[in-house]
J.: 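Can you read through this structure? Questions will come right after.
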Amino acid sequence: VQLQASGGGLVQAGDSLRVSCEASGRTVGTWAMAWFRQAPGKERDFVAAINWSGTRTYYADSVKGRFTISRDNAKNTVYLQMNSLKPEDTALYYCAADSAVGGLIPSRTTEPANFGSWGQGTLVTVSS
């Protein structure tokens with residue numbers, strides 16, 4: 001499967017932005033999906049995850065209440081709606097797919113090593 005992330009850009013603090021991740025090559029409708037981010041000089045961190053049906057979500061504490069992950073399996077696409085953006089949200093945002101499970105297991109879902117498919121990243125820059 002190929003994952004194509006898009007929608008990043010330059011925004012001001014307090015603004016909103018939605019990034020998308022479209023899968024091609026096969027359906028990801030039975031897989032758990034997630035977003036991670038990586039700021040310059042830092043490790044790749046978990047942001048949010050969603051189960052195969054879209055009925056369960058899980059967020060990092062740093063984005064809880066501001067970001068919303070969703071999916072449209074008919075379009076083979078996952079979204080990340082980001083509100084009340086802060087300068088510390090500046091990073092490359094990567095979508096990832098876990099073909100081994102469709103549900104969410106926090107100890108598994110938050111670890112990049114458990115995701116076998118990755119998009120190329122979309123840059124989100126938040127100015128103060």
Side-chain angles (χ1 to χ4, degrees):
V1 64
Q2 292 77 46
L3 302 177
Q4 179 71 42
S6 62
L10 172 63
V11 297
Q12 294 187 330
D15 284 352
S16 298
L17 194 65
R18 188 178 80 161
V19 292
S20 303
C21 174
E22 183 176 5
S24 61
R26 66 146 291 158
T27 179
V28 294
T30 59
W31 298 359
M33 301 289 293
W35 287 94
F36 290 79
R37 66 186 181 186
Q38 189 167 16
K42 296 190 176 181
E43 294 184 349
R44 192 167 298 188
D45 291 331
F46 170 77
V47 176
I50 190 166
N51 72 336
W52 69 275
S53 62
T55 55
R56 287 193 62 206
T57 56
Y58 188 72
Y59 297 93
D61 287 343
S62 58
V63 306
K64 202 174 295 183
R66 299 188 298 123
F67 289 13
T68 302
I69 188 172
S70 62
R71 67 191 299 162
D72 185 340
N73 286 340
K75 296 182 178 180
N76 227 20
T77 300
V78 177
Y79 306 96
L80 184 68
Q81 176 67 43
M82 302 180 287
N83 298 330
S84 302
L85 281 160
K86 305 175 181 180
E88 51 264 43
D89 294 318
T90 294
L92 262 173
Y93 282 72
Y94 296 91
C95 61
D98 185 351
S99 62
V101 296
L104 297 186
I105 306 169
S107 61
R108 174 184 179 87
T109 300
T110 57
E111 291 296 326
N114 292 320
F115 289 80
S117 299
W118 291 84
Q120 84 289 1
T122 186
L123 181 62
V124 174
T125 304
V126 185
S127 63
S128 58

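Only heavy atoms go into these numbers, but all of them, side chains included; no hydrogens, no water, no symmetry mates. Computed from a prediction, not measured in an experiment: that's the story for all the values here.
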J.: Using modelled atom types only, decide if a donor and an acceptor are shared between the side chain of Tyr58 and the backbone of Ile105 within a distance under 3.5 Å.
T.: no
J.: So which heavy atom on Ala49 is nearest to which on Thr109, and how close?
T.: CB-CG2, 3.0 Å
J.: Provide the closest heavy-atom pair for Lys42 versus Gln38 in the form atom of the first, atom of the second, distance.
T.: O-NE2, 3.0 Å
J.: Between Trp35 and Leu104, is there a shared hydrophobic cluster once you connect ILVMFWY residues whose side-chain heavy atoms come closer than 4.5 Å?
T.: no
J.: Using the rule that Ile, Leu, Val, Met, Phe, Trp and Tyr join whenever any side-chain heavy atoms are under 4.5 Å apart, tell me whether Leu80 and Leu85 fall into a single cluster.
T.: yes
J.: Flag yes if Phe115 and Ile50 sit in one hydrophobic cluster, no otherwise; membership is Ile, Leu, Val, Met, Phe, Trp, Tyr, and two members link when side-chain heavy atoms are under 4.5 Å apart.
T.: no
J.: Under 4.5 Å between any side-chain heavy atoms of Thr27 and Asn73, yes or no?
T.: no
J.: Indicate yes or no: at least one non-hydrogen side-chain atom of Cys95 is less than 4.5 angstrom from one of Leu3.
T.: yes
J.: Tell me if a side-chain donor or acceptor on Thr77 pairs with a main-chain N or O of Lys75 at a distance below 3.5 Å.
T.: yes
J.: Hydrophobic cluster membership, with links at side-chain heavy-atom distances under 4.5 Å among I/L/V/M/F/W/Y: are Met82 and Tyr79 in one?
T.: no
J.: Using a 4.5 Å cut-off on heavy atoms from C-beta on, say whether the side chain of Trp31 contacts that of Trp52.
T.: no
J.: Shared ILVMFWY cluster between Phe36 and Leu92, side chains joined below 4.5 angstrom?
T.: yes
J.: Quick check: closest heavy atoms across Met33 and Ala97, and the distance to 0.1 Å?
T.: SD-CB, 3.4 Å
J.: Keeping Asn114 on the side-chain end and Arg108 on the backbone end, is there a donor-acceptor pair under 3.5 Å?
T.: yes
J.: Identify the residue among Leu10, Asp15, Val11 that makes a side-chain contact (heavy atoms from CB on, under 4.5 Å) with Val126.
T.: Val11
J.: To the nearest 0.5 Å, tell me how far Ser128 OG sits from Glu88 CD.
T.: 10.0 Å
J.: Looking at Arg56, I want to see if its CZ is surrounded by more than 12 non-hydrogen atoms of other residues, nucleotides or ligands under 6.0 Å.
T.: no
J.: Nearest 0.5 Å, please: how far is OG1 in Thr30 from CG in Asn51?
T.: 11.5 Å
J.: Check the orientation of Trp118 and Tyr94. Use parallel for under 30°, tilted for 30 to 60°, and perpendicular for over 60°.
T.: perpendicular
J.: Measuring from atom CD of Gln12 to atom CG of Leu17, what distance do you get when rounded to the nearest 0.5 angstrom?
T.: 13.0 Å
J.: Is there a donor-acceptor contact under 3.5 Å from the side chain of Gln120 to the main chain of Ala5?
T.: yes
J.: State, yes or no, whether a side-chain contact exists between Tyr93 and Cys21 at a heavy-atom distance under 4.5 Å.
T.: no
J.: Minimum heavy-atom separation for Ser24 to Asn76, with atom names?
T.: N-ND2, 4.4 Å
J.: Do Asp89 and Lys86 meet the salt-bridge criterion of a basic N to acidic O distance under 4.0 Å?
T.: no
J.: Less than 4.5 Å apart, side chain to side chain, heavy atoms only: is that true for Ser62 and Arg37?
T.: yes
J.: Taking all atoms of both residues into account, what is the closest heavy-atom pair of Pro112 and Thr110, and its distance?
T.: CD-O, 3.6 Å
J.: Which pair of non-hydrogen atoms, one from Thr122 and one from Gly8, has the smallest distance, and what is that distance?
T.: OG1-N, 2.9 Å
